[in-house]
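I have placed the structure first, in the form of structure tokens, so that the comments after it can refer back to it.
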Amino acid sequence: MNPFDLIRLQITLEYDLDKAGRLVPFPGSTEQGLYIVYRYPGGYIPYFNQCLPEALCERLRNLGGEQAFEAPQAVVWLMQRYLPCHFEGRFVSVYLPRLPEPGEFRQVVKQDEQFVVLDGDKPVCRAWSERSNALCAEVAVEAQADHRRKGYARQAVTAWAYDVISSGRVALYSYKAENHPSQALAHSLGAVWYAE
């Protein structure tokens, strides 16, 4: 898949888009981004919330997407002249391109819609679809602190990816850029970067 298509898939997990291509948060969603910029091999793709005045959108377009990465506080300063906001941070977006082998997640059991590693009968790690639709899903994973660095998160996410990819959907994974354990996990899974 190309990065542009993957970005579009990811956005549709978090927002609806109006006829102008502006972000419309789903009812009850915690995703309330005002200005989202993706950096990918072909450049930058900005998304503006439907609530932003056109004058602000035009100023942000003139500022350019690079500023969101190189000088995010300049973007915040400009936006705060119109409405309260804050910088959420930089996230890395990757996808899992291959269907895993069932032998890669032998310790995982499925409980409801979660992929769980048990220590005895106690869940110590789990992965699940944070968001999903008919085309793709995005994983969330957590492991108890005393059970990290044992390969459990890798197995749980691998089982999740097997389920998603087997259903014909794209398996997406995003993490904060400074989250080095998530970065290492993505690398161990053979994830492919497409944007940040």
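Residue numbers run from 1 in the order of the sequence given.
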Assess whether a salt bridge exists between Glu54 and Arg22, defined as any Lys/Arg side-chain N lying under 4.0 Å from an Asp/Glu carboxylate O.
yes
Does some side-chain heavy atom of Cys125 sit less than 4.5 Å from a side-chain heavy atom of Gln144?
no
CZ (Arg131) with more than 12 external heavy atoms under 6.0 Å
yes
Honestly curious: do Ile36 and Leu6 fall in one hydrophobic cluster under the side-chain, below-4.5 Å linking rule?
yes
Does atom CD of Glu113 have more than 12 heavy-atom neighbours from other groups under 6.0 Å away?
no
May I ask you to test the Trp193-Val92 pair for a side-chain heavy-atom distance under 4.5 Å?
yes
Met79 vs Leu52, side chain to side chain contact (heavy atoms under 4.5 Å, CB included): CA-CA, chis, key distance, verdict
CA-CA 9 Å; Met79 290 188 67; Leu52 296 181; 4.2 Å; yes
Ser174 and Gln10: side-chain donor and acceptor closer than 3.5 Å?
yes
Taking the side chain as every heavy atom from C-beta outward, state whether Lys110 and Gln114 have any atom pair closer than 4.5 Å.
no
Determine whether Leu60 and Gln67 make a side-chain contact, defined as any pair of heavy atoms from C-beta on separated by less than 4.5 Å.
no
Which atom names give the shortest non-hydrogen contact between Gln111 and Leu118, and what distance separates them?
NE2-CD2, 4.0 Å
Quick check, are the ring centers of Tyr173 and Tyr95 under 6.0 angstrom apart?
no
Closest non-hydrogen atoms of Ser182 and Asn179, given as atom of the first, atom of the second and distance, are N-OD1, 3.0 Å
Would you say the side-chain atoms of Asp16 pair up with the backbone N or O of Val24, donor to acceptor, closer than 3.5 Å?
no
Nearest heavy-atom pair of Tyr35 and Gly64: which atoms, and what distance?
OH-O, 4.2 Å
Quick check with a 6.0 Å cut-off and a 45 degree axis cone: is Arg39 positioned over the face of Phe69's six-membered ring?
yes
Rounded at 0.5 Å granularity, tell me how far CG in Leu63 sits from CZ in Arg61.
12.5 Å
Whether the side chain of Gln155 engages the backbone of Gln107 through a donor-acceptor N/O pair (distance < 3.5 Å, no angle test) should be reported.
yes
Tell me whether Phe91 shares a hydrophobic cluster with Val76, the cluster being built from Ile, Leu, Val, Met, Phe, Trp, Tyr side chains joined at under 4.5 Å.
no
Can you name the nearest heavy-atom pair linking Glu101 to Phe105, along with the distance?
O-CE2, 3.4 Å
Ignoring hydrogens and geometry, is there a side-chain-to-backbone donor-acceptor pair from Ser132 to Ser129 under 3.5 Å?
no
Between Val116 and Pro123, what is the shortest heavy-atom contact and its length?
CG1-CB, 3.6 Å
Geometric class of the His147/Tyr152 ring pair [parallel <30°, tilted 30-60°, perpendicular >60°]
parallel
Among Val157, Val192, Val139, which residue satisfies the side-chain contact (heavy atoms from CB on, under 4.5 Å) criterion with Leu96?
Val157
Between Ser166 and Tyr162 (side chain of the first, backbone of the second, donor and acceptor by atom type, cut-off under 3.5 Å), is there such a pair?
yes
Any link between Val94 and Trp128 through a network of hydrophobic side chains (Ile, Leu, Val, Met, Phe, Trp, Tyr) touching at under 4.5 Å?
no
Smallest separation among heavy atoms of Leu9 and Cys136, with atom names
O-SG, 3.7 Å
Would you say Arg148's side chain and Ala143's backbone share a donor-acceptor pair under 3.5 angstrom?
yes
Does OH belonging to Tyr40 count more than 12 external heavy atoms closer than 6.0 Å?
yes
Report the C-alpha distance between Glu178 and Gln183 in whole Å, list the side-chain angles of each, state the deciding distance to 0.1 Å, and finish with yes or no for side chain to side chain contact (heavy atoms under 4.5 Å, CB included).
CA-CA 8 Å; Glu178 64 272 12; Gln183 179 183 21; over 6 Å; no
Any chance you could measure Asn2, atom CG, to Ile7, atom CD1, to the nearest 0.5 Å?
9.0 Å
N/O donor-acceptor pair under 3.5 Å between Tyr15 side chain and Gly33 backbone
yes
Given the rule that I, L, V, M, F, W and Y join up when any side-chain heavy atoms are under 4.5 Å apart, are Phe87 and Phe48 in one cluster?
no
Same apolar cluster: Leu172 and Val141, side chain cutoff 4.5 Å:
no
If we check side-chain contact (heavy atoms from CB on, under 4.5 Å) with Tyr47, which of these qualifies: Val37, Ile11, Leu34?
Ile11
Looking at side-chain heavy atoms only, is the closest gap between Leu56 and Leu78 below 4.5 Å?
yes
Interatomic spacing from CG in Leu13 to CG in Asn133 - rounded to 0.5 Å:
5.0 Å
Is Asp18 reaching over with its side chain to a backbone N or O of Gly21, donor-acceptor style, under 3.5 angstrom?
yes
Less than 3.5 Å apart, any donor N or O on the side chain of Glu104 or Thr158 sitting next to an acceptor on the other?
no
Could you tell me whether the side chains of His86 and Glu88 share a donor-acceptor contact shorter than 3.5 Å?
yes
